[in-house]
**Q** 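Let me give you the structure first, and then I'll get to my questions.
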Amino acid sequence: MFSEKDKYRKFRAYLKKLMDKCQLTAYGLGQISTLDPTFIRRIASGQRNPSRRTVLQIAVALRDYSTVITDGDIELLIKGSGFPPPRNL
């Protein structure tokens, strides 16, 4: 499923952890992020890679959805993607 050099491995693992923390399915995250749930599921499973825009869209959706998610969680999610963080999130 994952290649040896899967640079999104940390992002995928942390995304799944945050989805579990919020009790969200791919469908639920798709609804709050306005992304297709199938696309979310494929990102989480390693079948697709997210763009920077997608990573930030997911991060904002998770942050705004639940008070359980901290700014530290969001920073780790973005950092795990390998993309630079935004100036303002």
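For reference, positions follow the sequence shown, starting with 1. Everything numeric here is computed off the predicted structure, so don't read it as measured data.
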**Q** Which heavy-atom pair separates Tyr27 from Pro37 by the least distance, and what is that distance?
**A**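 Scanning both residues, the minimum pair turns out to be CA-CB, 3.6 Å.
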
**Q** Taking side chain as C-beta onward, heavy atoms only, is Leu35 less than 4.5 Å from Ile43?
**A**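 Leu35 vs Ile43: side chains apart.
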
**Q** How close do Arg12 and Arg42 get, heavy atom to heavy atom, and via which atoms?
**A**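 Scanning both residues completely, I find the closest heavy atoms to be NH1-O, 4.4 Å.
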
**Q** Quick one: pull up CG in Asn49 and NZ in Lys7 and give me the separation to the nearest 0.5 Å.
**A**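 Answer rounded to 0.5 Å: 7.5 Å.
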
**Q** Quick check on Lys17: does its NZ atom have over 12 non-hydrogen neighbours (other residues, nucleotides or ligands) under 6.0 Å away?
**A**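 Open: at most 12 neighbouring heavy atoms sit under 6.0 Å from NZ of Lys17.
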
**Q** Please find the pair of heavy atoms, one from Leu29 and one from Leu24, that lie closest to each other, and give the distance.
**A**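 Closest approach of Leu29 to Leu24: N-CD2, 4.1 Å.
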
**Q** With rounding to the nearest 0.5 Å, note down the distance linking OG in Ser81 to CG in Leu77.
**A**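 The OG atom of Ser81 sits 7.0 Å away from the CG atom of Leu77.
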
**Q** Any side-chain heavy atom of Ile32 within less than 4.5 Å of one from Asp64?
**A**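 With C-beta onward as the side chain, the pair stays apart.
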
**Q** Let me confirm one number: the CG-CG distance from Asp20 to Leu15, rounded to the nearest 0.5 Å.
**A**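 Result: 9.5 Å between the selected atoms.
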
**Q** Can I get a per-line list of side-chain donor-acceptor pairs under 3.5 Å for residues 52-61, giving both atom names and the distance, sequence neighbours left out?
**A**
unit_1	atom_1	unit_2	atom_2	d
Arg52	NE	Pro84	O	3.1
Arg52	NH2	Pro84	O	3.0
Arg52	NH2	Pro85	O	3.4
Thr54	OG1	Ser51	OG	3.0
Gln57	NE2	Ser33	O	2.7
Gln57	NE2	Thr34	OG1	3.0

**Q** Under the side-chain contact (heavy atoms from CB on, under 4.5 Å) criterion, do Ile74 and Ile69 qualify, and how do the steps go?
**A** CA-CA 7 Å; Ile74 297 304; Ile69 303 297; 3.6 Å; yes

**Q** Could you tell me whether the side chain of Asp73 and the main chain of Thr70 form a donor-acceptor pair under 3.5 Å?
**A**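 Checking the backbone N and O of Thr70 against the side chain of Asp73, a donor-acceptor pair under 3.5 Å is found.
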
**Q** For the atom pair OH (Tyr14) and CD (Glu75), what is the distance rounded to the nearest 0.5 Å?
**A**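 So the gap between those two atoms works out to 10.0 Å.
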
